[in-house]
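Values reported hereafter were calculated over all heavy atoms of this structure, with side chains retained and with hydrogens, waters and symmetry mates removed. Order of the sequence lines fixes the chain letters, A, B, ..., with proteins taken first and strands second; residue numbering starts at 1 for each chain. Model, not experiment: these values are computed from the prediction.
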There are 2 protein chains.
Amino acid sequence: MKSGKYTLTGQELEIMKVVWRLGPCNVRHVYEALLEQRKIAYTTVSTMMNILETKGFLKKKAGDKAFVYAPSKPQKTVIRAMVREFVDRVFNGAAEPLLLHLVEDEQLSKAELDEIRRSIK
Amino acid sequence: MKSGKYTLTGQELEIMKVVWRLGPCNVRHVYEALLEQRKIAYTTVSTMMNILETKGFLKKKAGDKAFVYAPSKPQKTVIRAMVREFVDRVFNGAAEPLLLHLVEDEQLSKAELDEIRRSIK
DNA sequence: TCTTTCATACTAACGTTTTAGTATGAAGAG
DNA sequence: CTCTTCATACTAAAACGTTAGTATGAAAGA
């Protein structure tokens, strides 16, 4: 079940989403953002962010008081890899069935469909 | 990290894919299909299929000698739920960004793009 | 019948992910 | 200067997922 080097586990993704949104920030910033969603300990966030650093998703540098963490891979790159892995795992690598599924099953507005239609051209 | 009741873990999905493909079958059938891909123990498959039964993805009934397992949820339903969960988790529930991503990043043939264009109408 | 093969249940170990406690030292408040 | 607050490192346990061994009993083959 080894994951590729651009693939995040569930909680890691939650934290990366916060950091991508906030930009460079420290553990406390992320902790407080996560607290709004659910109960979590400060040290848990700290531990997770360290793991993300050793995995190469975050880089940290000394800040005024606490370390400042910043994403070291662009969101787009990471998301792309996760989509790729999902497509491989669930659709055996074929993107088209997923696409058709999304077009059929998800409620998309006329504007959204227009946008997709345009991007296909 | 609680998963919805239609969401499968990695190895569970591998087994379900075999059962969906084969239709009603016993542990040995699945075991042999999986063996073609990788080394795995018979009892591992047996254990996994039991787990899938308790989770409600397979139902088993007594067969001639061994139990016969059959899917208890259609593939389409389960896949749909997994896509839904992925979209929620990675794209915060918005299907459109995933769709655009797929259209942009995946190499799709002209024929496939045609088919997608047709299904949008 | 005796032996071998097979299916299942039970059990457990291992790996990974997630969570958080404790210790330590530095910074800030008084 | 002392006390409190905060950040980090270290440690570890809980939770989950994956894998497979062992025991048991049934069936098949001789």
Side-chain angles (χ1 to χ4, degrees), chain A residues 1-19 24-35 37-70 78 82 85 89-90, chain B residues 1-19 22 24-35 37-70 82 85 89-90:
Chain A
M1 182 86 310
K2 191 102 359 117
S3 296
K5 71 178 158 108
Y6 284 95
T7 305
L8 296 162
T9 64
Q11 297 317 304
E12 288 170 355
L13 177 60
E14 290 313 302
I15 289 180
M16 287 306 298
K17 288 204 282 194
V18 174
V19 181
C25 57
N26 60 35
V27 172
R28 185 151 298 274
H29 297 138
V30 177
Y31 166 64
E32 269 155 19
L34 290 175
L35 255 195
Q37 311 302 318
R38 66 187 184 93
K39 174 186 162 295
I40 190 167
Y42 179 92
T43 50
T44 302
V45 180
S46 179
T47 302
M48 292 294 297
M49 289 176 76
N50 263 302
I51 291 170
L52 284 164
E53 198 226 343
T54 62
K55 288 190 179 181
F57 290 95
L58 290 176
K59 50 176 184 283
K60 73 178 169 189
K61 60 181 213 299
D64 192 33
K65 182 174 180 182
F67 285 124
V68 175
Y69 289 81
V78 176
M82 294 187 71
E85 200 197 46
R89 196 167 73 83
V90 179
Chain B
M1 182 80 314
K2 190 97 9 107
S3 296
K5 71 179 157 109
Y6 285 94
T7 304
L8 295 162
T9 64
Q11 298 315 305
E12 287 170 356
L13 177 59
E14 290 313 301
I15 290 180
M16 286 307 297
K17 287 204 277 195
V18 174
V19 180
L22 298 182
C25 56
N26 60 35
V27 173
R28 185 150 298 275
H29 297 137
V30 177
Y31 166 64
E32 270 155 19
L34 290 176
L35 255 195
Q37 311 302 317
R38 67 187 184 92
K39 174 183 161 299
I40 191 168
Y42 179 92
T43 50
T44 302
V45 181
S46 179
T47 303
M48 291 296 296
M49 289 177 76
N50 263 302
I51 291 170
L52 284 164
E53 198 228 342
T54 62
K55 288 191 179 180
F57 289 95
L58 291 175
K59 50 177 183 280
K60 74 177 169 189
K61 61 183 214 297
D64 191 32
K65 181 173 181 182
F67 285 124
V68 175
Y69 288 82
M82 294 186 71
E85 200 198 45
R89 196 168 74 83
V90 179

Do B/K60 and B/N26 have a side chain donor and acceptor closer than 3.5 Å?
-> no

To the nearest angstrom, the OH-P distance between A/Y31 and C/dT18 comes to 19 Å

What is the distance from atom SG of A/C25 to atom CZ of A/F67, rounded to the nearest 0.5 Å?
-> 14.5 Å

Indicate, with a heavy-atom threshold strictly under 4.0 Å, whether A/N26 touches base, sugar-phosphate, or nothing.
-> nothing

Of the candidates C/dA9, D/dA9, D/dA20, the side chain of B/T44 sits closest to D/dA20

Whole angstrom is fine here: how far is it from NZ in A/K55 over to C1' in C/dT17?
-> 8 Å

Report yes if at least one side-chain N or O of B/N50 is closer than 4.0 Å to OP1 or OP2 of C/dA9; otherwise report no.
-> yes

Any donor-acceptor pair under 3.5 Å joining the side chain of A/T47 to the base of C/dA20?
-> yes

Checking C/dT18, D/dT18, C/dA27 against the side chain of A/E12 (C-beta onward), the nearest is C/dT18

Whole-Å distance separating the CZ atom of A/R28 from the P atom of D/dT5 | 12 Å

Rounded distance in Å - CG (A/L13) to P (C/dT16) | 20 Å

Of A/D64 and A/M48, the one whose closest DNA chain C nucleotide lies more 5' = A/M48

So which nucleotide from C/dA9, D/dA20, C/dT18 ends up closest to the side chain of B/K60?
-> C/dA9

Does some side-chain heavy atom of A/M82 sit less than 4.5 Å from a side-chain heavy atom of B/R89?
-> yes

From D/dT18, C/dA9, D/dT8, pick the nucleotide closest to the side chain of B/T43?
-> C/dA9

Is any side-chain heavy atom of A/M49 closer than 4.5 Å to a side-chain heavy atom of A/V45?
-> yes

Look at A/K39 and C/dA20 and indicate whether a side-chain polar atom (N or O) is within less than 4.0 Å of OP1 or OP2.
-> yes

What's the CD1-C1' distance between B/I51 and D/dA20, to the nearest Å?
-> 12 Å

Atom-pair distance (NZ on B/K61; P on C/dT8), nearest Å = 13 Å

Between P of D/dA20 and CD1 of B/I15, the distance in whole Å | 11 Å

Please round to the nearest 0.5 Å and tell me the distance separating atom CG of B/L34 and atom OH of B/Y42.
-> 12.5 Å

Using atom CE of B/M49 as one end and atom C1' of D/dA20 as the other, report the distance to the nearest whole Å.
-> 17 Å

Across the strands shown, which category fits B/Y42 at heavy-atom distances under 4.0 angstrom: base, sugar-phosphate, nothing?
-> base

